[in-house]
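Quick note: numbers below take in every heavy atom, side chains included, and nothing from hydrogens, waters or symmetry partners. So you know, we letter chains A, B, ... as the sequences are listed, proteins then strands, and number each from 1.
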Amino acid sequence: MARFEEEVWAVVRAVPVGRVTTYGAVARALGMEGASRRVGWALNACNRAAEPVPAHRVVNRLGMLTGQAHFGTGWSMEDRLEQEGIRVKAGRVVEFEELFWDAAVELAHEAEGT
DNA sequence: CGATTGACGTACG
DNA sequence: TCGTACGCCAATC
């Protein structure tokens, strides 16, 4: 199957608790900077993932919880994010820029051996 | 098989 | 500065 989804899930699961990333960042981490839309699509297919994917840590480049509608009406992204210590205001991650976790950069640092 | 969509992002008007 | 249009690649209808 499309490893693309698995790659996305892997990156998303690599996001530390209390941190968030963006679709574009994940896409770029996979080598498809312009393919941000596919990341969302892949996360949409995250339900077919064997393990639960913390897609709630993935937001758009503005830090807005755009995928909240896809999560469910009850247990939404904001609640989960707050569960991890991430403050959410008006459907947007507070101090998102500080909580932003760029997989393309962070993972690259680990590859270098810190 | 062909056209449209998609949890986005960038470029242009 | 704000709004609209288009492009990404793959999946779905």
Side-chain angles (χ1 to χ4, degrees):
Chain A
M1 271 303 273
R3 288 200 183 76
F4 172 74
E5 305 174 10
E6 299 179 14
E7 295 283 330
V8 174
W9 302 336
V11 173
V12 174
R13 281 186 279 189
V15 178
V17 178
R19 300 293 283 276
V20 293
T21 190
T22 72
Y23 303 96
V26 175
R28 186 171 58 184
L30 298 177
M32 309 180 234
E33 185 174 333
S36 45
R37 291 173 64 160
R38 238 136 292 65
V39 177
W41 164 84
L43 287 178
N44 189 0
C46 78
N47 11 176
R48 67 183 264 118
E51 301 178 46
V53 180
H56 57 271
R57 296 183 197 154
V58 187
V59 295
N60 69 355
R61 96 186 280 293
L62 299 178
M64 303 193 302
L65 282 50
T66 49
Q68 190 185 40
H70 272 264
F71 257 74
T73 43
W75 190 244
S76 44
M77 295 177 74
E78 301 105 274
D79 294 296
R80 288 194 178 187
L81 289 173
E82 290 183 351
Q83 283 284 307
E84 298 184 354
I86 300 174
R87 292 178 294 176
V88 178
K89 174 73 66 160
R92 196 203 145 185
V93 178
V94 178
E95 298 188 344
F96 156 73
E97 297 181 15
E98 296 185 28
L99 298 176
F100 176 60
W101 187 86
D102 191 342
V105 175
E106 301 299 325
L107 294 178
H109 278 213
E110 290 190 16
E112 292 182 21
T114 35

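- Residue A/F4 contributes atom CZ, which lies 16 Å from atom C1' of C/dT12 at whole-angstrom precision.
- Backbone-only engagement by A/N60 is indicated by non-hydrogen atom pairs under 4.0 Å involving sugar-phosphate atoms exclusively.
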Evaluation steps, salt bridge (charged side-chain N to carboxylate O under 4.0 Å, His left out), between A/R19 and A/E106 = CA-CA 12 Å; A/R19 300 293 283 276; A/E106 301 299 325; 5.1 Å; no
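- Among the nucleotides B/dG9, C/dA10, B/dA7, the one closest to the side chain of A/W41 is C/dA10.
- Relative ring orientation between A/W41 and A/F4 is described as parallel, the plane-to-plane angle staying below 30° on a 0-90° scale split at 30° and 60°.
- With A/V8 as reference, A/L43 is the one residue of A/L43, A/V53, A/V58 to meet the side-chain contact (heavy atoms from CB on, under 4.5 Å) rule.
- Considering only heavy atoms from C-beta on, A/V93 stays 4.5 Å or farther from A/F100 through its side chain.
- Rounded to an integer number of Å, the gap from A/E5 CD to C/dC9 P is 17 Å.
- Within the nucleic acid shown, A/A45 has no heavy atom closer than 4.0 Å to any nucleic acid atom.
- Spacing between atom CG of A/L62 and atom C1' of B/dG9 amounts to 9 Å, rounded to whole angstrom units.
- In this entry the distance linking CD of A/E6 with C1' of C/dA11 reads 16 Å, nearest Å.
- The phosphate of B/dC8 (OP1 or OP2) has no side-chain N or O of A/T22 nearer than 4.0 angstrom.
- If you take CZ of A/R80 and P of B/dA7, they are 18 Å apart, rounded to a whole angstrom.
- As rounded to whole Å, 13 Å separates atom P of B/dC8 from atom CZ of A/R61.
- Here the C1' atom of nucleotide B/dA11 and the CD atom of A/E33 are 14 Å apart, to the nearest Å.
- Residue A/M32 contributes atom CE, which lies 10 Å from atom C1' of C/dC8 at whole-angstrom precision.
- Donor-acceptor pairing under 3.5 Å, judged by distance alone, is present between the side chain of A/R38 and the base of C/dC8.
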